[in-house]
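To keep things clear, I will list the structure first and then write my remarks on it.
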Amino acid sequence: MDKRFVYVDNSATTRISEPVLEAMMPYLTGGYGNASSIYSLGMDSARAILKSRETVAKALGAKTNEIYFTSGGSESDNWAIKCAADAMAPKGKKHLITTVFEHHAVLHTAQYLEKHGFEVTYIPVDEMGLVNPADIEKAIRPDTFLVSVMFANNEIGTIQPIAEIGKICREKKVWFHTDAVQAVGNVPINVAEMNIDLLSLSGHKIHAPKGVGALYMRTGINLPNLIHGGAQERSKRAGTENVASIVGLAKAIELATADIPAKQQRLSKIRNRIINELLKIPESRLNGDPVKRLCGNVNISFRGIEGESLLLSLDLAGIFASSGSACTSGSLDPSHVLLAIGLPHSTAHGSLRITLGEDNTEEDADYIIETVPKTVEKLRAMSPLWERILRDEDIDAE
Amino acid sequence: MIYSEKVMEHFANPRNVGEIENADGVGEVGNAKCGDIMKMYLKIDGGIITDVKFKTFGCGAAVATSSMATELIKGKPVEDALKLTNKAVVEALDGLPTVKLHCSVLAEQAIKAALTDYYKRQGIDPEPIVGKVPDREASCGI
């Protein structure tokens, strides 16, 4: 098969789609007015932001004034968690509940709060990467100010029982935040029905530009600002609005949520074919739940090889993917998510994440299915660890 | 993170991959937990390293540093191999990202581990000549 260009890292980022760019163009060119200005050029921008807010709210089952635009998922997570802490600490509520395998935007924020006198309970996940809602219920205390559980995991794609957790939190009168950066557009979301109080989302995962996102804040919750300095976003988030990107986010979420079942059906078929074929490689395993899983997520570990080498080799073949190896995590430890579901370090190092998106086709899957086994074989042939695995040595005993 | 063209070239076309049957010295460093293992095979004839092969489990930098290290000692006297530093490997690769420097240390140690084995087989105490090579567990997180 000829070398192809196969981008399968859609959980990392996506390209700006043509309709999104088209919607943005007027605000990147002539419509550059500051939305706070009173003249028509400014009011045009203000109108575009209002319309975008309506669109984003509609996609989530929220009210228009419950949506605040931010710079992205990380800012939304920081705002929700730090400012919920700020709001509740004076009432003596200084306990946060989250899980061990959140995105670092949540985990590092939780660790920051721990350094500032807050207490955090990290709920474990099972070997499939699922949170047990009963564990959340048990962990809730009178001084718990927030529960934060990610909707769908960015690495292994596990989809959490968010509605159940939401119900528990509402009954216990504890605010519930979810990082839905990976879920939006892949899983139907209705914040009202699911009893979600705070939700973070990001634009660039759904074909909008990088640097734009939103925080949904339920009516009745009045978090203090994370960013002070102006009257934008109803005085809740200062900074001249990134009008074009906000318009792009709205267009993207409108398109991404237009027909989620159709997307799920198309992508999960391609996903399952890739999973089934790659699991034919000896000493491989699927990470994460096979069913409660994002429709585009494949995460497989191959023993005896290291993830970064695999990615670089695949890159040479034109495939762009990701891994949870230490070398790609920027630290000496492999992915905290893979360790949380109980993988030994050596197996976590050899993980490959493929995340499919709108642009991916069956032909991409064919190419992946043809290329990955050859690449794994090539790397195993030069791996002294693979020799030891073949000799049945206990490589994780070290 | 950016790799130099030379690192990518050595990763894509690693030199001297494989094993040597009846090698005169074999050394292995690193461990599975850290995600890097290098194994070096030396053929030594009359004090000259006539052949060298390696096998590596690890990241792109681990493969490239192994490959470059073998290139730097192949055909050279044992004394030259003893003097090979991780710095020389890094320079020959036009640099490594800071987070990957430990790979070059591992490459230097892999050669020293193979030379240690070589001297042991000769019945010579390797430590005064080669120095101490960290064992597998100790080489993580340099």
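All chains are named by letter (A, B, ...) in the order of the sequence lines, taking the proteins before the strands, and each is independently numbered beginning at 1.
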Please classify the contact between A:S313 and chain B as side chain, backbone, both or neither, with a heavy-atom cut-off of under 4.5 Å.
both
Given a strict heavy-atom distance threshold of 4.5 Å, which part of B:A62 is in contact with chain A: side chain, backbone, both, or neither?
neither
Which one, A:A348, A:S383, A:P384, leads in non-hydrogen pairs under 4.5 Å with chain B?
A:P384
Contact part of A:L316 toward chain B, heavy-atom cut-off under 4.5 Å: side chain, backbone, both or neither?
side chain
Under 3.5 Å, side chain of A:H349 to main-chain N/O of B:K33, donor-acceptor pair present?
yes
Could you report the tightest heavy-atom contact between A:M382 and B:F54, atom names first, then the distance?
CE-CE1, 3.9 Å
Identify the two heavy atoms, one from B:A32 and one from A:I395, that lie closest to each other, and give their separation to 0.1 Å.
CB-O, 3.9 Å
Out of curiosity, B:F57 CZ to A:R388 CZ, how far, rounded to the nearest 0.5 Å?
9.5 Å
Between side-chain atoms of residues 370-379 of chain A and protein atoms elsewhere (two or more places apart, or another chain), which donor-acceptor pairs fall under 3.5 Å?
{"unit_1": "A:T371", "atom_1": "OG1", "unit_2": "A:Y367", "atom_2": "O", "d": "2.6"}
{"unit_1": "A:T375", "atom_1": "OG1", "unit_2": "A:T371", "atom_2": "O", "d": "2.7"}

Atom pair CG/CG of B:N31 and A:D396 - distance to nearest 0.5 Å
10.5 Å
